[in-house]
Amino acid sequence: VVVYLGSLSSLLIQSFFRLDEFSGRVIREFGLRTYEQLFTAAHTDIMIRTTLMALAVTFACAVITFPLAYYMARYASFRMKTILYLAVLLPLWSSYLVRVYTWKIILSQEGIISWFFDTLGIRFILDGILSIPGIGGTSLSFSFIGMFLVFVYIWLPYMIIPINAALERVPKSLIEASSDLGGRPGYTFRRVILPLAFPGVVAGSIFTFSLTLGDFIIPGIVGNSARFIGLAVLEQQGTAGNIPLAAAFTMVPIVIMAVYLLIARRLGAFEAL
């Protein structure tokens, strides 16, 4: 606790320092000049871009994983459930970098997705009409679409497990009672299953949202020239040597996650963890 809170306190303190542009030295005087620099148009664009990507990845993970988690909790046999659990957790046993670089190969111009579009003639149509970045004219491995796909794949296990745990805690008697009282399957899902399983969705979103906010490897390997918060922190503390600005950038996802966790707590997400 001391080390963790001490590190966060150190970040917060350093974010109020500033970098002398002439000498390149950190001036250890408290002020808001670094935060004034942080909230310029270019840096605000980075924060908005990262937050929107985190929200999109979280929503996609929830939509994709809920049917699978529901099948695992309600219909899968013990053997099938074991196989599905293994399939969900197996990617976590491999190196994070290996999975990211593998997806870079898949999404490259020589990869299987480009080959598939070329085979169907879709790539030619998109090149001539829509010119979608990542499909029309450029490689998916250097686009927002490519980053989105890789983010979703990498964080899927962190969404499936909390949702599955929440669904398994939904009493079957409530579902049967709804059916006995004339509730159709869709009505039962909306009014009984989804409200009881929603804390599991929020619990999973804590992982997917926070991990996307701070990740710098996927934007650096798969992304294009547009920067994200993780990359901005890496560049400022590494290449630029602007530790105060890097610390100020780091405080952005911390504040966002603090607000997000307060909302998640009110929605009962911690009970589903």
Side-chain angles (χ1 to χ4, degrees), residues 1-13 15-16 35 38-39 44 46-70 72-74 85 88-89 92 96 148 151-175 178 188-216 218 228-230 233 247-273:
V1 172
V2 171
V3 172
Y4 180 71
L5 295 181
S7 301
L8 292 180
S9 301
S10 176
L11 278 174
L12 178 61
I13 292 172
S15 66
F16 289 101
Y35 281 98
L38 176 66
F39 288 102
T44 303
I46 294 174
M47 292 183 278
I48 294 174
R49 183 186 304 117
T50 306
T51 305
L52 291 178
M53 177 64 78
L55 290 172
V57 169
T58 299
F59 179 79
C61 286
V63 171
I64 294 172
T65 59
F66 200 97
L68 176 59
Y70 187 79
M72 292 169 62
R74 293 296 172 195
Y85 267 119
V88 169
L89 297 177
L92 299 179
Y96 175 87
F148 173 77
F151 271 130
V152 169
Y153 168 79
I154 294 294
W155 307 142
L156 274 178
Y158 299 97
M159 180 67 81
I160 293 178
I161 295 174
I163 294 178
N164 179 256
L167 287 170
E168 287 185 341
R169 286 200 292 266
V170 176
K172 292 184 179 180
S173 59
L174 292 181
I175 301 175
S178 175
T188 301
F189 176 80
R190 294 192 306 271
R191 301 301 297 271
V192 179
I193 298 174
L194 186 58
L196 292 175
F198 188 70
V201 178
V202 179
S205 72
I206 294 174
F207 296 105
T208 58
F209 187 78
S210 62
L211 292 171
T212 305
L213 274 181
D215 191 274
F216 65 91
I218 292 176
F228 283 68
I229 290 178
V233 172
F249 258 119
T250 306
M251 297 308 299
V252 174
I254 292 177
V255 172
I256 293 174
M257 283 309 304
V259 176
Y260 196 87
L261 289 174
L262 290 174
I263 297 173
R265 182 183 178 184
R266 293 181 62 87
L267 295 174
F270 295 155
E271 300 174 4
L273 289 175

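Legend: residues meeting side chain to side chain donor-acceptor pair (under 3.5 Å) with T250, ordered by chain and number and at least two apart, are absent. Not a single side chain to side chain donor-acceptor pair (under 3.5 Å) links T44 to another residue, sequence neighbours left out. For S15, the side chain to side chain donor-acceptor pair (under 3.5 Å) partners are Y35, not counting sequence neighbours. Under the salt bridge (Lys or Arg N to Asp or Glu O under 4.0 Å) criterion, R49 pairs with D45, not counting sequence neighbours. F59 meets the ring-ring contact (aromatic ring centres under 6.0 Å, His included) test with no other residue; sequence neighbours excluded. For V170, the side-chain contact (heavy atoms from CB on, under 4.5 Å) partners at least two apart in sequence or on another chain are R74, I175, L196. With sequence neighbours left out, the side chain to side chain donor-acceptor pair (under 3.5 Å) criterion links T188 to S178. Applying the ring-ring contact (aromatic ring centres under 6.0 Å, His included) test to F216 and every residue at least two apart in sequence or in another chain returns nothing. For Y260, the ring-ring contact (aromatic ring centres under 6.0 Å, His included) test picks out F209, with sequence neighbours left out. Every residue was checked against the ring-ring contact (aromatic ring centres under 6.0 Å, His included) condition with F228, not counting sequence neighbours, and none meets it.
Judged purely by atom type and a 3.5 angstrom limit, S10 has no side-chain atom pairing as donor or acceptor with the backbone of G6. Judged by distance alone, the side chain of S205 and the main-chain N or O of T58 form no donor-acceptor pair under 3.5 Å.
Residues L211 and F151 form no side-chain contact, since every pair of their non-hydrogen atoms from C-beta on lies 4.5 Å or further apart. Side chains of Y153 and V57 form no contact here, defined as non-hydrogen atoms less than 4.5 Å apart. Looking at heavy atoms from C-beta onward, F198 lies out of side-chain contact with I193 at the 4.5 angstrom threshold. L68 has its side chain out of reach of I64: every pair of non-hydrogen atoms, C-beta onward, lies at least 4.5 Å apart. The side-chain heavy atoms of L89 and I161, taken from C-beta on, include a pair separated by under 4.5 Å.
The nearest pair of heavy atoms linking T65 to M159 is OG1-CG, 3.2 Å. When all heavy atoms are compared, the tightest approach of V88 to P157 is O-CG, 3.5 Å. Across every non-hydrogen atom of T212 and A54, the tightest pair is CG2-CA, 3.6 Å.
For the residue pair N164 and Y70, no side-chain donor N or O sits within less than 3.5 Å of a side-chain acceptor on the partner.
Remark: L156 CG to T208 OG1 distance equals 9.5 Å, nearest 0.5 Å. One finds the CG atom of L5 at 12.0 Å from the CG atom of L12 (value rounded to the nearest 0.5 Å). For the atom pair CE of M47 and CG of L52, the computed distance is 12.5 Å after rounding to the nearest 0.5 Å. Taken to the nearest 0.5 Å, the CZ atom of F66 stands 6.5 Å off from the CD1 atom of I163. From L213, atom CG reaches atom CD1 of I256 across 5.5 Å, with rounding to the nearest 0.5 Å.
Within the structure, the salt bridge (Lys or Arg N to Asp or Glu O under 4.0 Å) test picks out no pair touching residues 200-212 (sequence neighbours left out).
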